[in-house]
There are 2 protein chains.
Amino acid sequence: MLKQRNADQSRHELLEAASKEIHQFGFHAASISRILENTSLTRGALYHHFPSKLELGYAVIDELFGGYLRQLWLEPLLKIGDPIEIIENSLNDTYAIHGQELISYGCPLNNLSQEMSAIDEGFRERINAQYEKWQDALSLALQGGQETGTVRKDINAAEVAIFIVASIEGCIGLAKNNKSQATLDSCTRILLDYLYGLRVVPQAGRS
Amino acid sequence: MLKQRNADQSRHELLEAASKEIHQFGFHAASISRILENTSLTRGALYHHFPSKLELGYAVIDELFGGYLRQLWLEPLLKIGDPIEIIENSLNDTYAIHGQELISYGCPLNNLSQEMSAIDEGFRERINAQYEKWQDALSLALQGGQETGTVRKDINAAEVAIFIVASIEGCIGLAKNNKSQATLDSCTRILLDYLYGLRVVPQAGRS
DNA sequence: TAACAAACATACTGTTCGGTATGTTAAAAC
DNA sequence: GTTTTAACATACCGAACAGTATGTTTGTTA
């Protein structure tokens, strides 16, 4: 009676604990024993649900990190509206929800990317898949803005999308390394200035 | 006769091997044994020159990574001239000299930052010191450009400097994760567009 | 309700790793 | 030229770690 079993819930509990551990310590420094300490489960359960630490890490990327991305960026970017405004809102939402974690531990995706993508092809492919979803969503939204007339038509949406992702990750990375909200704010302010510059300039003297 | 001793050279040989190992595998995955295999020296030598793996990593940042930064960015930025042009040249030089390594293994500073700065204060401080040198040099150069009239005066040089560093690191990070020269080129192209936008706009109709 | 399989728990193993203890050799100091 | 010390070399150690073998319990199915 004390212990009822639920495989899905157990799996999710393991994933959540692994996600936090990996986000805080990175993949190599993440300890299976410590993950289990933050869980009501044991070693047997973990290796019942995941064949290895590597596969556990893969699942964290696909299911959890991918979920954050979808909720905070992909879905908003699918809505109709000014893409620049949507991006600004997603940035604000991201910082509002995860700001403190981002400054303390960085972006989970970027952390793993820099640590793992050069030494494990599985990590690289999965992280890259998330980045490409992000870039594609941004690119499509910007193209939409170009068609509806809110975004300048002389920019390459796909390349700008890459740059936006790069800048966001760069800003968060610097802020983490400086443990500084001010760094994040400054960097984001300039990024927003850049984004505003992507808008169509109002035609002076016409109307 | 076969083996003559030179402490400085031995130390440098260890640092170089450690630098490559850490750049490729990250700090945690870097193996002392493997470092020594790429050296004519042995375990005793390494622990004679460095008290621990941690201190070895610190020295790599301070002496080697810091040296790359000084040579490629700090010194050029001290010269007189259009700062935007200097930045563009430094970017080109960086890619020309280290392009393939950057795409394969990423930026050594950013790699370590994302992997280590959240879990080791010593790493964070040393990496941050390098970033601040970089940002300060950019900021000062931009301010110089503002005074000599090549850079817009309505921008905050310090904040733009942060953004530039963030964008560069972001571009390299994405390129590494995508194993793609094209990604690096696209991202850099947009960054350059942004930099060109920092120049004073020529006064139309006057002269 | 018996049989079976999924969902765990527990105890253990093999390996890798950073670090150390100790021995040895070359170079400098006197 | 003897002494001393810096500069290594070699062999080894304890700990931490991912992973496994095996046992046990719960739920399901026939």
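Protein chains get the first letters and strands the later ones, always in sequence-line order, with residue 1 at the start of each.
Between the side chains of A:Ser139 and A:Gln143, at least one donor N or O lies within less than 3.5 Å of an accepting N or O. For the residue pair B:Asn111 and B:Lys176, a side-chain donor N or O sits within less than 3.5 Å of a side-chain acceptor on the partner. Between the side chains of A:Glu88 and A:Asn92, no donor-acceptor pair of N or O atoms lies under 3.5 Å. A donor and an acceptor atom, one from each side chain of B:Tyr95 and B:Thr188, are located under 3.5 Å apart. A:Ser113 and B:Gln114 share no side-chain donor-acceptor pair at under 3.5 Å.
Ring planes of B:Trp134 and B:Trp73: tilted class, angle from 30 to 60°. Using the six-membered ring where Trp is involved, B:His23 and B:Tyr105 have ring planes that are perpendicular, over 60° apart on the 30 and 60° scheme.
Contacts of residues 9-32 of chain B with DNA chain D (heavy atom under 4.0 Å): B:Ser10. Of the residues in residues 114-123 of chain B, none lies under 4.0 Å from DNA chain C by heavy-atom distance. Within residues 45-55 of chain A, the residues having any heavy atom under 4.0 Å from DNA chain C are, by residue number, A:Ala45, A:His48, A:His49.
Side-chain contact between B:Ile84 and B:Leu142 is present, with heavy atoms from C-beta onward closer than 4.5 Å. Counting only heavy atoms from C-beta outward, the side chains of A:His49 and A:Leu15 never approach each other to under 4.5 Å. Looking at B:Ile87 and B:Leu138, their side chains come closer than 4.5 Å, going by heavy atoms from C-beta outward.
Rounded to whole angstrom, the span from the CG atom of B:Leu56 across to the P atom of C:dC17 amounts to 15 Å.
Ionic pairing of B:Glu121 and B:Arg124 is present here: one or more N-O contacts between side-chain nitrogen and carboxylate oxygen are shorter than 4.0 angstrom.
Looking at A:Arg43, its side chain comes within 3.5 Å of the base of D:dA18 through a donor and an acceptor atom.
Applying the side-chain contact (heavy atoms from CB on, under 4.5 Å) criterion to B:Arg70, with sequence neighbours excluded, gives B:Leu74, B:Glu75.
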Note to self: Only Watson-Crick and G-U wobble pairs with both distances less than 3.5 Å should count. Give DNA chain C in dot-bracket notation, marking inter-strand partners with |.
What the structure shows: ||||||||||||||||||||||||||||||

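With hydrogens and angles disregarded, no donor-acceptor distance shorter than 3.5 Å links the side chain of A:Glu132 to the backbone of B:Asn178. Between the A:Glu13 side chain and the A:Thr39 main chain, no donor and acceptor come within less than 3.5 Å of each other.
Here the OG1-CG distance, from B:Thr94 to B:Leu72, works out to 4.5 Å after rounding to the nearest 0.5 Å.
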With the criterion being N/O to N/O and under 3.5 Å, what pairs connect the protein with nucleotides 21-24 of chain C, and how long is each?
none

